[in-house]
**Student:** 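Here it is, the structure in full.
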2 protein chains.
Amino acid sequence: MRRSRPEHESIDETLRACGIIPTAQRVRIGRMVLTRPTHFSAEQLYERVNLAGNHVSKATVYNTLGLFVEKDLLRRVLVGTGKVFYDSNMTAHHHFYDVESGELGDIDAGEIEIRALPKTADDVQIEGIDVVVRVRRAAS
Amino acid sequence: MRRSRPEHESIDETLRACGIIPTAQRVRIGRMVLTRPTHFSAEQLYERVNLAGNHVSKATVYNTLGLFVEKDLLRRVLVGTGKVFYDSNMTAHHHFYDVESGELGDIDAGEIEIRALPKTADDVQIEGIDVVVRVRRAAS
DNA sequence: TGTTAAACTTAGAACGAGTCTAAAGATTGC
DNA sequence: GCAATCTTTAGACTCGTTCTAAGTTTAACA
Ligand SMILES: [Mn+2]
Ligand SMILES: [Mn+2]
Ligand SMILES: [Zn+2]
Ligand SMILES: [Zn+2]
């Protein structure tokens, strides 16, 4: 169930609407990642959230990210080995991944057509389709 | 440069043709994974290769998998968090991934149409496109 | 508003897939 | 044969992530 996050709605209300108790830590993290579409890793967030005093623990960062994913406020993006990215752009879209720099970019859903779905047995439901275009900047 | 691996060609010759010195360990692993299309993880291979005596070390398993990937004899498939699979089916195809069972299946390339490629700056070359369809067996 | 149970946060230990190290073993060219 | 190069190995190590157990906050409600 996707929910919109209009500007006038506070993070506090967004979290409540998802059944998440808006603790100080969750609101702080929410403000950082839910107010605009952004790609980031757990460690990037951990560093950023702790730049301006008021320490938030690693465990809480991971717990909160997991909770936000569970509540469809964030999605995980799997690219290279050992790298998990989070994405607060919940509209249907895909990604390109620069294998050199590790940079992640968006591809509009309209730019990739999934024509036929695989032969799905009728008890199998599709939970999502992930497309990652691996790119490399040509060596000059 | 994809090479075919006809039945009459021994693993030994396949490896040599790729510039790989066919050591006993590499040939043994090659026989297990290169003679038919198969999906497997490093630890699955490590266990299987060591079932029938003649121990092969973890380091060699990882080194060999990395070497085979580098030489385009295997590809990596990234699915769930912390799960790296290897695939000896080198024809263009995609995957579905059962998020419950962890099972991985093939989707013929023809079943998914990549219509438009993203706006690629001319110095950016596409190295590959990975499509993973996440599926879940409906709770009975 | 005080009491309490449930939910949450925390530091740090633990985990595990994957990599590295340094030494021993194999292969190759001369 | 001899030396140079390449390969394998055990086990230590790394690092992203998860777990644990204790303390803190929140929410329910008397
Ligand atoms: Mn991370
Ligand atoms: Mn594995
Ligand atoms: Zn995105
Ligand atoms: Zn496959």
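Computed from a prediction, not measured in an experiment: that's the story for all the values here. As a basis for the values below, the full set of heavy atoms in this structure was taken, side chains included, without hydrogen atoms, waters or symmetry mates. Protein chains get the first letters and strands the later ones, always in sequence-line order, with residue 1 at the start of each.
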**Student:** Could you give the CD-to-P distance, from A:Glu70 to C:dA7, as a whole number of Å?
**Tutor:** 14 Å
**Student:** Do the side-chain N or O atoms of B:Thr60 get closer than 4.0 angstrom to the phosphate oxygens (OP1, OP2) of D:dT9?
**Tutor:** yes
**Student:** Of the options C:dA11, D:dT7, D:dG16, whose atoms approach the side-chain atoms of A:His55 most closely?
**Tutor:** C:dA11
**Student:** Just do the side-chain contact (heavy atoms from CB on, under 4.5 Å) check on B:Thr64 and B:Ile20 with the steps written out, would you?
**Tutor:** CA-CA 10 Å; B:Thr64 302; B:Ile20 298 174; over 6 Å; no
**Student:** For B:His95 and B:Asp106, does a side-chain donor sit closer than 3.5 Å to a side-chain acceptor?
**Tutor:** yes
**Student:** If we check side-chain contact (heavy atoms from CB on, under 4.5 Å) with B:Tyr86, which of these qualifies: B:Arg75, B:Arg76, B:Gln44, B:His39?
**Tutor:** B:Arg76
**Student:** Is any side-chain nitrogen or oxygen of A:Gln25 closer than 4.0 Å to OP1 or OP2 of C:dT10?
**Tutor:** yes
**Student:** Looking at residues at least two apart in the chain, or sitting in another chain, which of them share a side chain to side chain contact (heavy atoms under 4.5 Å, CB included) with B:Arg48?
**Tutor:** B:Met32, B:Arg36
**Student:** For nucleotides 24-30 of chain C, list the nitrogen or oxygen atoms of the protein found under 3.5 Å from its nitrogen or oxygen atoms, one pair per line.
**Tutor:**
none

**Student:** Take atom CG of B:Leu67 and atom P of D:dT7, then tell me their distance rounded to the nearest Å.
**Tutor:** 8 Å
**Student:** I'd like to know if A:Lys58 reaches the base of D:dT17 with its side chain, counting only an N/O donor and acceptor under 3.5 Å.
**Tutor:** yes
**Student:** Phosphate oxygens OP1/OP2 of D:dT17: is one of them under 4.0 Å from a side-chain N or O of A:Tyr62?
**Tutor:** yes
**Student:** Which one, C:dT9, C:dA17, D:dG16, comes nearest to the side chain of A:Arg26?
**Tutor:** C:dT9
**Student:** Restricting to salt bridge (Lys or Arg N to Asp or Glu O under 4.0 Å), what partner residues turn up for B:Asp108, sequence neighbours left out?
**Tutor:** none
**Student:** Over how many whole Å does the gap from B:Tyr46 atom OH to C:dT19 atom C1' extend?
**Tutor:** 15 Å
**Student:** Can you tell me how far the CG atom of B:Asn89 sits from the OG1 atom of B:Thr38, to the nearest 0.5 Å?
**Tutor:** 10.0 Å
